[in-house]
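Both ligands and their constituent atoms are indexed starting at 1 by order of listing. Quick caveat: nothing in here was measured; it's all calculated off a predicted structure. These values consider heavy atoms only, across backbone and side chains, with no hydrogens, waters or symmetry-generated copies.
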Amino acid sequence: MKAILLGTTELKSRVILAPMASVTDLPFRKIVREFGNFLMFSEMVASQAVIRNVMRTHKMMDNADDPLTSVQLVGAEPSVMADAARLSYDLGAKFLDINMGCPVKKIVKSDAGSALMKNERLAAEIIEAVVNAVPIPVTLKMRLGWDFEHKNAPTIARIAESAGIQMITIHGRTRSQLYSGKANWSDIRAVKEAVNIPVIANGDIIDEQTARQALEESRADGVMIGRGALGKPWVLRDIDEFIKTDSISEKSHTNQAKYEIAQRHLDYMLDFYETPTAVKLARKVLMYYCYGTHNASKYRQQINTIETIPAIFDILHEIFQA
Ligand SMILES: Cc1cc2nc3c(=O)[nH]c(=O)nc-3n(C[C@H](O)[C@H](O)[C@H](O)COP(=O)(O)O)c2cc1C
């Protein structure tokens, strides 16, 4: 299999962390980074907010100068996307990604995200504007199409490749599916066959077996992991080792290891956010680490009512050391 090359950077792993709004913040990326040199994406940042210098948006781009982090831009106006691209580059971004997959109503209503798949001309203009605005690699993330009758990902992929996009990720669902049904990895193959740049398969890849199956069915160059990494940041390393060596890693699977990982993740959050925000977000993160532990349902209730930092760590201790 050909190496995945973005500009002059050769990716050491075919496993990539997905962009996830309100999830892949800097603390999350820091904990995933401990498990390997994976390409990662920021949460999507609204191009309008980037150029208006909105503080919350700029916080999302903290550490944008990490050598393996890509900033994902969302928007529908070519000139704004280009300006946001330039600003991200000035902030140190090494890679940029264009969001053409987001199905959320608010985004789609403004013609951005997956709505761009319905408007190939505008999609092309945005791609050209962003690629021409910056000297760094630009990638694209999209779905199979708007709906089952319009699975035009291969067409957009060709447009993107000829405009200079360097890698394409396909979430194997249409917009109309939102997150329902199962991702169709074999449909991703049509994109792989349409272009010569790397294609990454995404959707419902949660472990070694699903990664292998997705790679076989799509013939993609790599896999992108989203929800599978929630509360399991080590899963990217497990999948990476399996792809490379065919062996299953269980290094982080003891309760003690999970406890220490969750503890570090929460510490990173406390460093990054003001306390009230950290506590609120920590409830969600704790919940993910709690899934699958023996009496998870008992703790869910307690986690939801946490108000203080010591309470976060007390309950974490209880979950994993009890
Ligand atoms: C909470 C959440 C937030 C997401 N935010 C983004 C985003 O900001 N940009 C994007 O391109 N996709 C976003 N996605 C989609 C994921 O990147 C991914 O395409 C999708 O979840 C399918 O992959 P998975 O089954 O591995 O999770 C988000 C998904 C979730 C669950």
### Query
Mind checking what residues have non-hydrogen atoms under 4.0 angstrom from ligand 1?
Ala18, Pro19, Met20, Ala21, Met44, Gln72, Asn99, Lys141, His171, Tyr179, Asn202, Gly203, Asp204, Ile225, Gly226, Arg227
### Summary
With sequence neighbours left out, the residues meeting salt bridge (Lys or Arg N to Asp or Glu O under 4.0 Å) with Asp187 are Lys151
### Message
Can you see whether Gln256 engages Gln321 through a side-chain donor-acceptor pair at a distance of less than 3.5 angstrom?
### Response
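A donor-acceptor contact under 3.5 Å links the two side chains.
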### Message
Is it the case that the side chains of Glu217 and Gln213 hold a donor-acceptor pair, with the cut-off being a distance below 3.5 Å and no angle test?
### Response
yes
#### Entry: More than 12 heavy atoms from other groups under 6.0 Å of OH on Tyr259
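Yes, OH of Tyr259 has more than 12 neighbouring heavy atoms, counting only those of other groups under 6.0 Å.
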Could you list the donor-acceptor pairs under 3.5 angstrom formed between side-chain atoms of residues 120-134 and any protein atom two or more places apart in sequence or on another chain?
| unit_1 | atom_1 | unit_2 | atom_2 | d |
| --- | --- | --- | --- | --- |
| Glu120 | OE2 | Asn152 | ND2 | 2.8 |
| Asn132 | ND2 | Glu128 | O | 3.0 |

### Message
Among residues at least two apart in sequence or on other chains, which ones pass side chain to side chain contact (heavy atoms under 4.5 Å, CB included) with Lys284?
### Response
Ser22, Tyr288
